[in-house]
Every structure is written in structure tokens, then in C-alpha cells.
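Contents: one structure, followed by commentary.
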There are 2 protein chains.
Amino acid sequence: MTIKEIAELAGVSTATVSKILNGKDKDISEATRKNVLDIVEREGYIPNGIAKSLRIKNTKTIGIIMPDVMNLFFSELARGVEDAAEKKGYSVILCNSDNKESKEEKYIQILQEKMVDGIILTASENSVKRSLRRRKIPMVLLDRDISTDEKVGRITVDNEEGTYNATKLLIEKGCKNIGFISSNKTTKSSAQRLQGYENAILESKINFDKNKIFLQNYTIETGYKGTVSLLEKTNIDGICCGNDLIAIGAIKALKERGIKVPQDVKVIGFDDISISKYMDPPLTTIRQPIYEMGEEAVGMLIDVINNKEMEMSKVLKTELIVRETT
Amino acid sequence: MTIKEIAELAGVSTATVSKILNGKDKDISEATRKNVLDIVEREGYIPNGIAKSLRIKNTKTIGIIMPDVMNLFFSELARGVEDAAEKKGYSVILCNSDNKESKEEKYIQILQEKMVDGIILTASENSVKRSLRRRKIPMVLLDRDISTDEKVGRITVDNEEGTYNATKLLIEKGCKNIGFISSNKTTKSSAQRLQGYENAILESKINFDKNKIFLQNYTIETGYKGTVSLLEKTNIDGICCGNDLIAIGAIKALKERGIKVPQDVKVIGFDDISISKYMDPPLTTIRQPIYEMGEEAVGMLIDVINNKEMEMSKVLKTELIVRETT
DNA sequence: ATGAAAGCGCTAACAA
DNA sequence: TTGTTAGCGCTTTCAT
């Protein structure tokens, strides 16, 4: 069923049907309008959006490339993106990169072939730069910032302030031996989180100890292993974690060894993923407005798609959520 | 940059370029092949997939409609789908329905307009039926089965056996007062899970008590509220939960009241979402092969897209994972 | 081994 | 108020 067939059934031209279907019906008689719409309804006609897109040169779909939707942080991000996109009439193609540059670049290529109107990206420095050089397409970098002169949007969070406040809280609560477990990625956000921790320590009277830092992945496993490692090498009465998953792993290791949280060791996470408040004990953490970040990203992306003049960078605030692990 | 421009630069026709780009180059001289490819590379040409799709009538993209990616169960499903799709050369458009029929139907329409090659659906009975009547498109129903004569694929799990085994385990472990907390949805899977529980109870010598059943949503909140409610109304020494989220909420309520799990009350979940093994205590549960279900769904979907003769229904086995809440 | 040309389903400028 | 028509970028048949 095509627009042409509808036109024939209605005894009008395809142009007329097209206008009606697209609401450009100011100078179309109510009679033919109704007639056409009835036929469309009766026949269950579904417009071919591909043909339309080819003609009008936009697809009303955006792509999002992220490491892994199964990770609670990213699934919340994805939801924020999808909800905001849907509200603005866009669909979203989801791509999981597992942080692999090869996948990131492959997906960027595929998304461009599919003529998405823009891409939201949580990816490595290299992929972004290389792709941007090849062909420009509206892009906003989400969560992970990247230095480039290209015109890309950025939505980030004040990571440094986050871990700074987290560590400060631990210090205020009386911790003297504070570990830091996080990711060893070379992303800005990882570096900033480490920096925030260091700043807080350096600023206090407790002395900085490299042995209290364990850097690996943003995973539960890292939290677990890191804690075990820290426990062996040094004494600890507080752990600042690079994200909530790490904190969950840390608490597990602690509990298994009969170490009480928060009495013996205090733990603080980062992100405030949805599960954190249900942990035992409920996790104290630095909240990122994850869902909102997703929303902001699509708002910004659509602005750049429409060539609107706007601020190309937005850094959102974190918030300390004190629950029961500190 | 279009295929035409590439053709001009190479001094050949668009037909030749097209053939080369699509590997239909058996009778194309190596010289022109190399020349064209070099130019494509040098110019950073990206084919317009929309134009291609319009011509060849497929988009190599599928849609998936599910209630909510933020729900751990669905995010794992989404990942399984995306991974399998990627392996077979498909992209996936993700849609969150929040179990709302209006959204389900809206998305089905949008996906059809975008000419996806097929749809994977976790949706209500009505939406599916209504949409199927309007226009046929390859579809596979995932996780939620629906009765219809239409030719749709189905991937499900043996829910009844799952809760039957779960309840049996509780009984074997000595529980005499077993509650059941689950969803009140009118889906087959929900009905089957209740049935499995009832069967196990009826089959045992402990008598069936309607007051020990609490039906609401598949959420942590329901688990919490349901447990509180059960505790008030009746005595309980075991809870069979409709999913892991409910189990997590139940355990939280129990712990808060100083009731020990598993000593005082045993709890068993359903799904084995990724977080369950990290709970405290690690959750005993009925494992669904979630990721594989996603994979199977796209395998089946692609088979129906290609009109392959195949089994249109597959029910996967659950597996009892005994950890420490029983 | 290569090319000409039709046509996929739609929109929009322009004509009537 | 409605219709004619070109053309979006590509593939593919059929010639050459």
C-alpha cells in the first residue's frame, strides 16, 4: 500500500494525500481531507518513512553508543535518552561498544549510513576524533568528555567535586585511612575522580598514601578485589569508590571478613544507581543525575541538529546522598 | 558525497561503483575495482543506507519493544538482542513501553513506518493482536506469550515449572508456611508462575492458604510491601517470589524487622538477574537464560524475515540456582 | 567489463 | 483547491 494507491482510491493526486498526511492542509477542502483520511484509516495505510526520509533528508532517529546497557548506570542513561527522544519525536538506535574502539567506530559508521540525525556518544577519545575527521554529524558526548576543536556538545558532571565531597565526608566522619578504588581508564572523568580524592586527602592532615589506591574497572569485581588487596596491604577505615558497583563489591568483601560497615569501615559510592538505596546497608553515594543527563543530551543534540545557537557544554552538579554506609 | 560523485571521480558509471561496493564484482577488472575503492577511501564516502533501503526494501534493522530497559531483566534481554543482532548485521531500535498499550501500539506503528525488518515484542495481548490485524510484519514475542493464530514466533520459559521447583525447594527445606508474592498482571507468564506455586503447595501436605498470596507488580516495592502485608496477616517461614526484584524487596523488609534470612524465613526469587548473586545473602533463585532468550529471539526473527521453515515456538528451561537465602 | 536508465515511495515547487 | 513532475541516492536489468 503506497501513497499512490491511496490517491487513486480517493480520486486525488499523491500531492494532495501527502499534504493531508503531513498536516499541510490549510488549503485543502474539508471534504477531500476527510475522504482521504477515511481511506487511509480503512486501508490501514502506513507511510513509508524510508522514502520520506530519502526525500526530506532526515530520519527522526538518533543513535546512542555506550559501553553496555546491562550496566545499571548506562541503562538509566539509555532510558533518559529514549524518553526525551520519544517526547521530541525521535527514535533511538542503541549500540553497545564494550568500550572497544573498533566497535565504537564501526557503529559510528553504521549509524551514519542509516542517516541518523545525530549521535550521542559515550566513547573513547580516539574513535570520536577519527570519526569527526571523516565526516561531520551532530554529536554530543555524554558522561565522557574529550578534547577536540570540533563542534560537539558535551554533557558531563563535576566528577572532581564529587569525589572531593565524598572523601571529605569520610574525613569528617573520622576516617584516617581512606582507600580509593576506581577505574584505571584514561578518561577525563576517571582522572577527575582520582583528583578529587587526592585533593581532599592532601588538604587534610592525614597523609597521602599511594598504597591505598586501587585502580581497575568500574565493576563489582574490582570493588571486591580492590578491597581484599587494600586490606592485605594496609589498614583502612574508609573507602571512596569510583562508582556504586565498586562500592557494592567492596561492601561484600568487607562483610565476608566480618568487618562491619559503617562501624569498622565506611564506604561511599558514586552515581546513585537505582539499586543502591536497596543495598544492605543502603549505600551512601554521590548522586549523578543520570536520567537527566540522558535527557539533556538529547535536548542538546536536537539543538545542534537544528543549528541552534547554544552553549555547547553543560556540566551538571552532583549531590551527596547520605545513607547508611558512612 | 554520493555514489554519483564517486563514479565521476573514478570515471566510471554509478552501476560499477555500486557493484564494487556491494561485492558483486566478479566481472569487474581489478584495476577499476582498486581505483574506485581508493577514491571511496580517500573521500571518506559513506553510502546512503536510506536510499539503499528504499531500493532493496529492507533496512537491516529490527525494533524491540519492552517495558523498561532500566529493569535489570530487560536490560539483559536488550543486550542479548543487540549482541545477536549485531552479529547478524542488524541494528536495533529500542522502545520502552512501560507496559502501556498506547505506547506499545504507537511504537509498533513507528517501527513499521521506519520499515524495520521485524519486531521483537514483550507486550500486552491487545496491542499485538490489533497490530497484527492491521499489517503483517515479522514478529517474535519474547518472554510474554500470547494466543493468536497469526504467524508469530514465541520465545518463552517454563514459568510454571520454575515456581513449582522453587516452592518445592522451600518445602524440602522444611518450610510449612509459604507465601507467594508476584505480579497481578494478566499475562500468561504471571498466571503460570502462580500456578506452579499452587501446584507445589497442593501436592504437598501443607494446606493452601489464599492469605499467603500477594499480587501486585514485579518491583522491589511490591516485594517490600507484600512481605510487610504477609507478616501482618499470617505467619510465614518461606516466600516464593515472582521475580528477583520482589525477592530483594522482601529480604529488605525481613531484615529491617530483625527476621533472619534464611534462618527464620527462606526466600527464593525468579530470573537470576545479574545483581542477585551479589545480594546479602546471595539470592537463591530460578534462573532464566535471559541473555540467551534475547539471542534466540533475534535468531528466530531473522528466520521469519527470511521465510525460513522453522519451529515458531521455543520454550527454554529454567534452572534452580541455590545460593544462601534458602 | 561496463553503462544507461528505470524505479523504489515520497515531498514540494510550480502550474493550473 | 488540486495536480504535474522532478528528483532524493541507490540497485539492477539489460544492452553493449
Side-chain angles (χ1 to χ4, degrees), chain A residues 1-37 39-40 43-61 89 109-117 135 137, chain B residues 1-37 39-40 43-61 89 109-117 135 137:
Chain A
M1 182 103 289
T2 69
I3 205 174
K4 197 169 158 212
E5 299 176 71
I6 296 292
E8 279 161 8
L9 286 173
V12 297
S13 73
T14 60
T16 302
V17 177
S18 175
K19 283 173 197 157
I20 293 170
L21 254 21
N22 291 291
K24 310 191 173 173
D25 50 6
K26 19 180 172 275
D27 32 46
I28 288 201
S29 79
E30 187 49 32
T32 72
R33 208 184 76 90
K34 181 165 184 335
N35 181 233
V36 167
L37 255 17
I39 292 173
V40 163
E43 301 291 323
Y45 166 70
I46 295 176
N48 183 326
I50 290 295
K52 175 171 182 170
S53 286
L54 177 60
R55 181 63 232 242
I56 67 178
K57 302 194 165 322
N58 70 239
T59 52
K60 286 285 178 187
T61 112
Q109 166 92 18
I110 290 175
L111 290 174
Q112 292 195 115
E113 289 184 5
K114 294 201 189 288
M115 295 282 144
V116 296
D117 298 340
R135 168 104 96 93
I137 176 172
Chain B
M1 181 105 287
T2 70
I3 204 173
K4 197 170 159 212
E5 299 177 70
I6 296 292
E8 279 161 8
L9 287 173
V12 297
S13 73
T14 60
T16 302
V17 177
S18 174
K19 283 172 196 158
I20 292 170
L21 254 22
N22 291 292
K24 308 191 173 173
D25 49 7
K26 21 181 171 275
D27 30 47
I28 287 197
S29 79
E30 188 48 32
T32 72
R33 207 185 75 89
K34 181 166 183 336
N35 182 234
V36 167
L37 255 17
I39 293 173
V40 163
E43 301 290 323
Y45 166 70
I46 296 176
N48 183 326
I50 290 295
K52 176 171 183 170
S53 286
L54 177 60
R55 181 63 231 242
I56 68 178
K57 300 193 165 323
N58 71 238
T59 53
K60 287 284 179 187
T61 113
Q109 165 91 19
I110 289 175
L111 290 173
Q112 291 195 118
E113 289 184 4
K114 294 204 189 287
M115 296 281 144
V116 296
D117 298 341
R135 167 105 96 91
I137 176 171

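A note on names: the letters A, B, ... follow the listed sequences, proteins ahead of strands, and every chain is numbered from 1.
From B:T61, atom OG1 reaches atom CD1 of A:I110 across 11.0 Å, with rounding to the nearest 0.5 Å. Summarising the geometry, atom CD belonging to A:E8 is positioned 9.5 Å from atom OG1 belonging to A:T14; distances are rounded to the nearest 0.5 Å. A distance of 10.5 Å separates CD1 of A:I6 from CG of A:L37, quoted to the nearest 0.5 Å. How far CD1 of B:I50 is from CE of B:M115: 11.0 Å, rounded to the nearest 0.5 Å.
For the pair B:R55 and B:A15, both in contact range of DNA chain C, the more 5′-proximal nearest nucleotide belongs to B:A15.
Summarising the geometry, the separation between NZ on A:K24 and C1' on D:dT2 is reported as 16 Å, rounded to the nearest angstrom. Regarding B:I3, its CD1 atom lies at a distance of 13 Å from the C1' atom of C:dG3, rounded to whole Å. Nucleotide D:dT11 holds its P atom 12 Å from the CD1 atom of B:I20, rounded to whole Å. We find that CG of B:N58 is positioned 13 Å from C1' of C:dC8, with the value rounded to whole Å. One atom, NZ of B:K4, and another, P of C:dT2, lie 21 Å apart when rounded to the nearest Å. Atom-to-atom, NZ of A:K57 to P of C:dT11 comes out at 14 Å; the value is rounded to the nearest Å. Here the P atom of nucleotide D:dG7 and the CD1 atom of B:I50 are 22 Å apart, to the nearest Å. Across the protein-nucleic acid pair, B:K52 atom NZ and D:dT12 atom C1' stand 13 Å apart, rounded to whole Å.
For C:dT2, the OP1/OP2 oxygens have a side-chain nitrogen or oxygen of B:S29 closer than 4.0 Å. Within the structure, a side-chain polar atom (N or O) of A:Y45 is placed less than 4.0 Å from OP1 or OP2 of C:dC10. Distances shorter than 4.0 Å separate none of the side-chain N or O atoms of A:N48 from OP1 or OP2 on C:dC8. Between B:T32 and C:dT2 there is a side-chain N or O to OP1 or OP2 distance below 4.0 Å. Residue A:T16 places at least one side-chain N or O under 4.0 Å from the OP1 or OP2 atom of D:dG3. Listed pair B:S13 / C:dG3 meets the phosphate criterion, a side-chain N or O lying under 4.0 Å from OP1 or OP2.
Nearest nucleotide to the side chain of A:P47, out of D:dT11, D:dC10, C:dC10: C:dC10. Picking from D:dG9, C:dT11, C:dA5 the nucleotide with the shortest atom distance to the side chain of B:L54 gives D:dG9. Closest to the A:I56 side chain, of the nucleotides C:dA1, D:dT11, C:dA12, is C:dA12.
Under the 3.5 Å distance criterion, the side-chain polar atoms of B:D25 are left unmatched by any main-chain donor or acceptor of B:K19. Between the side chain of B:Q112 and the backbone N or O of B:Q109 there is no donor-acceptor pair closer than 3.5 Å.
If you check every strand for non-hydrogen atoms under 4.0 Å, B:S18 touches a base. No contact: B:S53 has no heavy atom under 4.0 Å from any strand.
Side-chain atoms of A:K19 and base atoms of D:dG3 include a donor and an acceptor less than 3.5 Å apart.
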